[in-house]
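Residue numbering restarts at 1 for every chain, and letters A, B, ... go by the order of the sequence lines.
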Amino acid sequence: MVEHEKLKGDAKNWSRDLEKEVIVSINDLTWDFSVSSDKEIFSIDTPPPYTSGRPWHLGAAAQYSKIDMIGRSQRMLGKAVLFPVGMDRNGIPVERYTEKKHNIRMRDTPREDFLKMCKESLDELENEMLEILRSFGYSGDFKSMYRTDSENYRALTQSTFIEMWNKGMIIRGTRPSNYCIDCGTTIADAEIEYKEMDTNLVYFYFNIEGSDKKILVASTRPELLASCSAILVNPEDERFKDFAGQTAITPIYGKKVKIIQHSYAKAEFGSGTVMICSYGDYNDIMIIKELGLKETILINTNGKMNENTGERLNGLKINRAREEIIKLLQDDGCVEKIERIKHRTPICDRSKTPIEIIPLDEYYVKVIDIRSKLLELAEKLEIIPEQHRQILINWLKVSNDWPISRRRYYGTEIPLWYCNNCGEPFVPEEGKYYRPWKEKPPETAVCRKCGGKEFTGDERTFDTWMDSSVSSLYVTKYLYDKKFFSKTYPMTLRPQGIDIIRTWLNYSILRNYLLTDKLPWKTAWIDGMGLDEHGEKMSKSKGNGIDPTDVIEKYGADAFRFWAASEAMPGSNFMFSESRLQGSSKFLTKLWNVARLISQFPFDGKEIEIKNYSDRWIIAYTNKLIKECKEGYTKLNPFIPANKVREFVWNVFAPHYVELVKARAYGEGFSAEEKESAIYTLNYVLKRTLLLIAPITPFISDTIWKELYSNEPVHYQKMPENSSVDDEMLSLGEKLMEFDSRVWAIKKEKGISLREKINMDVPEGLKLFGEDLIKMHNIE
RNA sequence: GGGCCUAUGGUCUAGUGGUCAUGACGUCUGCCUUACACGCAGAAGGCCGGGAGUUCGAAUCUCCCUGGGCCCACCA
């Protein structure tokens, strides 16, 4: 017989301190992945967290811990799991972080210096992030961690761009674009948010040519008056019937513009007339196109008005220009009134400042042409939970060509040069990393149009989603290892949050389809968002983000992970609740104490035949639990095993079975054989319970496992085998538990302690439990 | 304005046609019963948002309404 050591210093409660004793050994485990293994491959396109300078909030940590549970459980289900760790390091957030940190402006800093500072910021932030991941036992492959700003990764982004360019999927166009003045770059529709903002609706008069009549126009953008190219009135609007077809004269500028009937003008709003400018909003673009009106550019990319706006406005920032023109109009005596209104304003999701519509020469990925194909793919992809599919479909139905060039520094460079003679783009070969803003093109470069040999590099970078949308190709070694790629692509799983469906999910499908003609994964697993205790989405701007480190230090990683798993079904939003987190921590203590009790009994692990009915009952129950939990893991749903195991341990195993056999396990008044059967069964159940919960709570599971069962970590084990479930024993067990409750209630009613003697009959059906039941309740 | 999702005891959460609706947290009562007071036992608490329909039978399916969330289009 082997005497167990007492569990960890005999601590009565599971705690972060106990986790700290094993955290190094848990994080040091290795998970070698080999494509030559004959195991089924389960590959995860893990989200590379954005090293953006915002501390990771608890919602994100909860999501990553759930992804870890999927990875761990798939390993224990016998799969070869490709579980990469990546860091997304390109793009605007780190640039803004660096500007703030050093109190500098990107555009006033030499590019080379600025990039260096960004890199330093990123390294710090990355370390913080890695520390958090390790603090809760994330088991991705840290050894081969990738960074989206590495040469290899950027070479992939560029190569896949070149591939798409050569296939004719990239177009160049001067289109009115969403332009964020603060970020100094074009942004995609997907990067726009809307915010209710207060603004002035200015009512002012235009004179009518050859008449002493005036027409009243209302506008929130009077500073764009210089570009006014028409006034619209509704054809049904009686007030303006006579004006239609006449020519109005713009105040200040004295320009002639037609008054046109158009249904876009709504009689109810403002003055019932609309002045069309280039560009107040996207309707202006549509109308200008539709009516063939002339555009005038008024705003430069630095956010200042240009010479087209006249002497008084030229050089002013937009807001200042707006104030100025209102003054001018007032001086002119043509302002009727100014109304304060709420206006839903498009803002940049990074800088939170209003976007302007400015025509710029940019590159786009064709989306509109293949929209129907993308919709087809969106229907084909398995999405968990199914209900989130609609978000993707809704977005695809309205999405436009994707602008991919950005006038920024810290990003993957657009690998293009332009012929100094004729301007024709030069496209280099795939496979290398190019920096056209500081490097010459390859020596062999010749302009294919005019034969020129002098080139100027493109200074722009790509949208960061150009990088992250090929993560599935990077981790499967698309460019670098054909065999590996063919075995791992398409991948098994894309786990991600609901908030980046229209960006990461959407662009990944688009890019992978254009490049490989396939969906990048079999399944997309879309989790909900972490909310604060009031149900508000956690975000830095609201200042309601909760630091996962604080929570983990206080309650432990396993309590945090168990909470994340048990709080909500994957896909639902989950609200942070300290009291429920405490509940998770209590459950772990319960499990810990069950293990402490069982660890007292010497156990040699030898298989024996079980005849005792109490033991047969709990074994049947355990076998049912195994089946349910494994089904849950197979469906990528840790919610199911978390709650099933908790219910089992807390409501069945501990109060009913353990109490039932405690006396027998101590050997008080039982034969050695009976005692052995009890101890065997206690361990049978505990051992399997630990395996089932190990992916969710790796720390406590491994600690108990190593103390009681094996030197080999629990995480290297297989999930327990399914065994047949004895349904008759299960229903007998239900009656047993009802009887227990009845006895307890009676004792309570009589005001006697639970261990006091009681005189009652054991029901006929429960006599099978024999001496166990009599000892448990002290029945006479 | 259009679309999608959602609505279960005080709070959160399971449950997709069929016995008294799951569990957790919280609340109340009594207990330190040699694993655990971060515990044990007991109890209270829900006309499953409202209405209509389908059905022998609905929390579960259909329609309408209401509340909440998200997305899209929007007020010049």
task: Please report, rounded to the nearest Å, how far the P atom of B:rG69 is from the CD1 atom of A:I391.
output: 15 Å

- prompt: Do A:L708 and A:L686 have side-chain heavy atoms sitting under 4.5 Å apart?
  reply: yes

query: Are the side chains of A:L636 and A:P570 in touch, meaning some heavy atoms are under 4.5 Å apart?
result: no

message: Give me the distance, rounded to whole Å, that separates B:rU29 from B:rA37 when you measure between the C1' atoms they each carry.
response: 16 Å

field: Which residue lies more 5' along RNA chain B, comparing A:S577 with A:H388 via nearest heavy atoms
entry: A:H388

field: Nearest to side-chain heavy atoms of A:V274, which nucleotide of B:rG3, B:rG39, B:rA76
entry: B:rA76

- line: Whole-Å distance, A:M737 CE to B:rG42 P, equals 12 Å

- request: Please determine, for the side chain of A:N394, which listed nucleotide (B:rC38, B:rC5, B:rC4) has the closest atom?
  value: B:rC4

message: Given a 3.5 Å cut-off on both pairing distances, which stems involving RNA chain B, each at least three consecutive Watson-Crick or G-U pairs, are present, if any?
response: B:1-7 with B:66-72, B:10-12 with B:23-25, B:27-31 with B:39-43, B:49-53 with B:61-65

field: Nearest-Å distance for atom pair CD/P, residues A:E567 and B:rU11
entry: 15 Å

query: Side chains of A:W650 and A:L591: does their closest heavy-atom pair fall under 4.5 Å?
result: no

query: Can you check whether A:N651 has a side-chain N or O nearer than 4.0 Å to OP1 or OP2 of B:rA24?
result: yes

message: Taking any heavy-atom pair under 4.0 Å as a contact, classify A:S219: base, sugar-phosphate, or nothing.
response: sugar-phosphate

- prompt: Which one, B:rU34, B:rA76, B:rA41, comes nearest to the side chain of A:L201?
  reply: B:rA76

query: Going through the distances and angles, do A:K662 and A:E668 end up as a salt bridge (charged side-chain N to carboxylate O under 4.0 Å, His left out)?
result: CA-CA 9 Å; A:K662 218 194 256 174; A:E668 292 157 4; over 6 Å; no

message: Work out how far the C1' atom of B:rU62 is from that of B:rC70, and round it to whole angstrom.
response: 24 Å

- prompt: Is the closest side-chain heavy-atom distance between A:N319 and A:E223 below 4.5 Å?
  reply: no

query: Expressed in angstrom and rounded to an integer, what is the separation of A:Q582 atom CD from B:rC12 atom C1'?
result: 15 Å

- prompt: Nearest of B:rA41, B:rU11, B:rC38 to any side-chain atom of A:N13?
  reply: B:rC38

query: Between A:L597 (CG) and B:rU33 (P), how many Å, whole number?
result: 16 Å

message: Ring-plane angle category for A:W744 and A:H777, please: parallel below 30°, perpendicular beyond 60°, tilted otherwise.
response: perpendicular

- prompt: In whole Å, what separates the P atom of B:rG45 from that of B:rG9?
  reply: 15 Å

task: Specify the separation, in whole Å, of atom CG of A:D527 and atom C1' of B:rC70.
output: 16 Å

query: Base, sugar-phosphate, or nothing: which does A:S584 touch, judged by heavy atoms less than 4.0 Å apart?
result: nothing

message: Please report the distance separating the P of B:rU11 from the corresponding atom of B:rG2, rounded so that it comes out in whole Å.
response: 32 Å

- prompt: A:N683 and A:Y709: side-chain donor and acceptor closer than 3.5 Å?
  reply: yes

field: C1'-based separation of B:rU6 from B:rC12 [nearest Å]
entry: 15 Å

message: Is A:S579 close enough to B:rC12 that one of its side-chain N or O atoms is under 4.0 Å from OP1 or OP2 there?
response: no

Separation of B:rG39 C1' from A:W744 CH2 (nearest whole Å): 14 Å

message: In this structure, how many angstroms lie between the C1' atom of B:rU8 and the CE atom of A:M569, rounded?
response: 15 Å

- request: Give one of base, sugar-phosphate or nothing for A:G528, where a contact means two heavy atoms less than 4.0 Å apart.
  value: nothing

query: Does the cation-pi check pass for A:K687 over A:F603, that is, NZ or CZ under 6.0 Å from the six-membered ring centre and within 45° of its axis?
result: no

- request: Between B:rG67 and B:rG42, how far apart are the P atoms? Round to whole Å, please.
  value: 43 Å

message: Distance criterion of 3.5 Å, no angle test: do you see the side chain of A:K12 paired donor-to-acceptor with the base of B:rC36?
response: no

message: On the six-membered ring of A:Y633, is A:K630 placed so that its NZ or CZ lies under 6.0 angstrom from the centre and within 45° of the ring axis?
response: no

task: Please tell me if the side chains of A:R322 and A:R221 come closer than 4.5 Å, counting only heavy atoms from C-beta onward.
output: yes

Is there any protein nitrogen or oxygen under 3.5 Å from a nitrogen or oxygen in nucleotides 27-30 of chain B, and what are the pairs?
| residue | atom | partner | partner atom | Å |
| --- | --- | --- | --- | --- |
| B:rU29 | O2 | A:K748 | NZ | 2.9 |

task: Have a look at A:V217 and say if it touches a base, only the backbone sugar-phosphate, or nothing, with a 4.0 Å heavy-atom cut-off.
output: nothing

statement: Only one of A:F562, A:Y555, A:W592, A:F587 passes ring pair (Phe, Tyr, Trp, His ring centres under 6.0 Å) with A:W14, and that residue is A:W592

message: With the threshold set at under 4.0 Å for non-hydrogen atoms, list the residues of residues 639-650 of chain A touching RNA chain B in residue-number order.
response: A:F639, A:R646, A:E647, A:W650

- request: May I ask you to say what A:K662 touches in the nucleic acid, namely base, sugar-phosphate or nothing, with a heavy-atom cut-off under 4.0 Å?
  value: base

task: May I ask you to check if A:K337 and A:Y203 form a cation-pi contact, with NZ or CZ under 6.0 angstrom from the six-membered ring centre and within 45° of the axis?
output: yes

- prompt: Which whole number of Å gives the distance between the P atom of B:rC38 and that of B:rA43?
  reply: 23 Å

message: I want to check one thing: is the phosphate of B:rA14, taken as OP1 and OP2, less than 4.0 Å away from some side-chain N or O of A:S572?
response: yes

Stepwise ring pair (Phe, Tyr, Trp, His ring centres under 6.0 Å) check, A:F574 with A:F576: CA-CA 7 Å; A:F574 45 97; A:F576 177 68; 10.0 Å; no

message: Rounding to an integer number of angstrom, what distance separates B:rG50 and B:rC56 when you compare their C1' atoms?
response: 26 Å

message: Taking the side chain as everything from C-beta on, heavy atoms only, tell me whether A:L736 gets closer than 4.5 Å to A:L773.
response: yes

query: Which comes earlier along RNA chain B counting from the 5' end, the contact point of A:G583 or that of A:I276, where each point is its nearest nucleotide?
result: A:G583

